[in-house]
Amino acid sequence: MNDLFLLLGSNLGDRSSNISNAIKLIANEIAEIDLSSGLYETDPWGNSGQDKFLNQVIKLQSNKDPVDLLENVLSIEQRLGRTRDGERNSARTIDIDILFYGDMIVKSSNLEVPHPRIHLRKFVLVPMNEIAPGLVHPVSGLSIDRLLRCCPDKLEVRSYSPALT
């Protein structure tokens with residue numbers, strides 16, 4: 001089994017529910033969740049004219065082929081209302097990124113693992129550091145903790161607790 005780390009993000013609609021619904025589908029269709037970070041809120045990265053994002057990193061175990069895994073993830077996104085208009089960093093109900101898949105290195109036209117911009121994004125590194133600070137990036141050879149300390153991203157990543165109703 002391979003350790004699989006996924007980043008979940010949402011900035012449209014009920015962000016907490018979108019992430020919760022994604023987790024339920026992932027647990028039912030891919031594998032049970034082993035660990036999950038807290039929720040974090042950040043300003044949008046790369047496109048400032050949007051609502052703030054909620055992000056969470058989850059860890060699970062899988063032996064699925066990476067391409068099959070990507071198809072599962074894209075299907076879950078679509079069922080939760082994700083539309084792809086071709087615009088990079090656009091607003092979305094749900095975004096699920098494959099961050100790490102064991103120590104696999106995958107480069108194809110539609111999938112790159114580890115995710116190629118992990119080291120540039122605090123909204124990925126902060127929740128990742130919460131659950132796997134010692135994980136070593138298989139390409140850079142640096143731990144998540146070290147990548148976070150060297151990250152050039154200046155966006156604030158805030159712990160998020162939804163209001164109780």
Side-chain angles (χ1 to χ4, degrees), residues 3-62 64 66-101 110-133 135 144 147-148 151-165:
D3 288 342
L4 170 61
F5 290 89
L6 302 175
L7 174 72
L8 310 175
S10 176
N11 77 330
L12 288 178
D14 185 337
R15 302 171 304 163
S16 296
S17 289
N18 293 339
I19 289 174
S20 178
N21 291 335
I23 288 172
K24 289 174 190 165
L25 289 171
I26 289 165
N28 287 334
E29 298 175 21
I30 298 174
E32 288 296 318
I33 311 305
D34 290 339
L35 285 172
S36 59
S37 74
L39 287 170
Y40 291 88
E41 186 174 56
T42 59
D43 289 328
W45 193 91
N47 192 342
S48 60
Q50 303 174 21
D51 292 334
K52 295 179 187 302
F53 270 86
L54 283 187
N55 292 105
Q56 184 172 35
V57 170
I58 59 173
K59 177 187 175 220
L60 44 147
Q61 301 284 312
S62 179
K64 284 186 178 246
V67 173
D68 293 339
L69 177 62
L70 177 62
E71 288 177 14
N72 278 137
V73 164
L74 293 175
S75 172
I76 290 169
E77 286 182 340
Q78 184 178 30
R79 284 180 280 147
L80 292 175
R82 170 80 187 260
T83 57
R84 294 183 181 271
D85 59 11
E87 181 183 340
R88 193 176 197 117
N89 300 317
S90 62
R92 46 206 172 266
T93 54
I94 194 69
D95 184 35
I96 305 170
D97 289 334
I98 301 170
L99 299 176
F100 295 99
Y101 197 20
N110 59 349
L111 179 63
E112 195 167 341
V113 178
H115 192 285
R117 290 173 293 284
I118 289 171
H119 65 290
L120 299 173
R121 297 175 171 177
K122 282 174 50 181
F123 69 85
V124 175
L125 291 169
V126 169
M128 201 53 217
N129 194 57
E130 179 185 332
I131 63 173
L135 180 79
I144 296 300
L147 288 171
L148 178 58
C151 184
D153 184 1
K154 300 299 182 205
L155 290 178
E156 183 182 356
V157 179
R158 297 168 297 281
S159 182
Y160 178 82
S161 297
L164 299 175
T165 56

- prompt: Pro114 versus Phe5: any side-chain heavy-atom pair under 4.5 Å?
  reply: no

message: When you compare the side chain of Val113 with that of Pro66, does any pair of heavy atoms fall below 4.5 Å?
response: no

- prompt: What pair of heavy atoms forms the shortest contact from Val157 to Phe123, and how long is it?
  reply: CG2-N, 3.8 Å

- prompt: For Asn11, does its backbone N or O pair with a side-chain atom of Arg15 as donor and acceptor, under 3.5 Å?
  reply: no

message: I'd like to check the side-chain contact (heavy atoms from CB on, under 4.5 Å) partners of Ala31; sequence neighbours left out, ordered by chain and number.
response: Leu60

message: Less than 4.5 Å apart, side chain to side chain, heavy atoms only: is that true for Pro152 and Leu120?
response: yes

query: Mind checking whether Asp43 and Glu156 have side chains closer than 4.5 Å, heavy atoms only?
result: no

message: Check whether Tyr40 reaches the backbone of Lys122 with its side chain - one donor and one acceptor, N or O, closer than 3.5 Å.
response: no

message: Run Ile94 and Ile76 through side-chain contact (heavy atoms from CB on, under 4.5 Å) and show every step you take.
response: CA-CA 9 Å; Ile94 194 69; Ile76 290 169; 6.0 Å; no

- prompt: What distance do Asn72 atom CG and Ile30 atom CD1 have between them, rounded to the nearest 0.5 Å?
  reply: 4.5 Å

message: Within the structure provided, determine whether Phe100 and Ile144 are in side-chain contact (heavy-atom separation under 4.5 Å).
response: yes

- prompt: CD1 of Ile23 to CD1 of Ile33: how many Å apart, nearest 0.5 Å?
  reply: 6.0 Å

field: Any donor-acceptor N/O pair, Gln56 side chain to Ser37 backbone, under 3.5 Å
entry: yes

field: Any donor-acceptor N/O pair, Ser10 side chain to Ile19 backbone, under 3.5 Å
entry: no

query: Nearest 0.5 Å, what's the CD1-CD distance between Ile58 and Glu32?
result: 10.5 Å

message: If we ignore hydrogens and angles and just use 3.5 Å, is the side chain of Asn18 paired with the main-chain N or O of Leu12 as donor and acceptor?
response: yes

- prompt: Could you walk me through whether Glu71 and Val67 pass the side-chain contact (heavy atoms from CB on, under 4.5 Å) check?
  reply: CA-CA 6 Å; Glu71 288 177 14; Val67 173; 4.0 Å; yes

field: From CG (Asp97) to CZ (Arg121), nearest 0.5 Å
entry: 7.5 Å

message: Are more than 12 heavy atoms, taken from residues, nucleotides or ligands other than Glu112, located less than 6.0 Å from that residue's CD atom?
response: yes

message: Tell me every residue that passes salt bridge (Lys or Arg N to Asp or Glu O under 4.0 Å) with Glu130, counting only those two or more places apart in sequence or in another chain.
response: none

- request: Measure the spacing between OG of Ser20 and CG of Leu54 and express it to the nearest 0.5 Å.
  value: 12.0 Å

- prompt: Given the rule in the side-chain contact (heavy atoms from CB on, under 4.5 Å) test, do Leu8 and Ile26 qualify, once you have shown the distances and angles that lead to the verdict?
  reply: CA-CA 11 Å; Leu8 310 175; Ile26 289 165; 3.8 Å; yes

message: Please check this pair: side chain of Arg82 against backbone of Ile96, looking for a donor-acceptor N/O pair closer than 3.5 Å.
response: no

query: At their closest point, which heavy atom of Pro44 faces which heavy atom of Gln50, and how far apart are they?
result: CG-O, 3.7 Å

Exercise: identify the closest heavy-atom pair between Ser62 and Leu4: CB-CD2, 4.2 Å

- prompt: Taking NZ, NE, NH1 and NH2 as the nitrogens, is one of them in Arg92 or Glu77 under 4.0 Å from a carboxylate oxygen of the other?
  reply: no

message: To the nearest 0.5 Å, what is the distance between CD on Glu29 and NZ on Lys64?
response: 8.0 Å

- prompt: Quick one: does Asn28's side chain have a donor or acceptor within less than 3.5 Å of a partner on Lys24's backbone?
  reply: yes

message: Determine whether Asn55 and Val124 satisfy the following criterion, side-chain contact (heavy atoms from CB on, under 4.5 Å), listing intermediate values before the conclusion.
response: CA-CA 8 Å; Asn55 292 105; Val124 175; over 6 Å; no

query: Looking at side-chain heavy atoms only, is the closest gap between Leu7 and His115 below 4.5 Å?
result: no

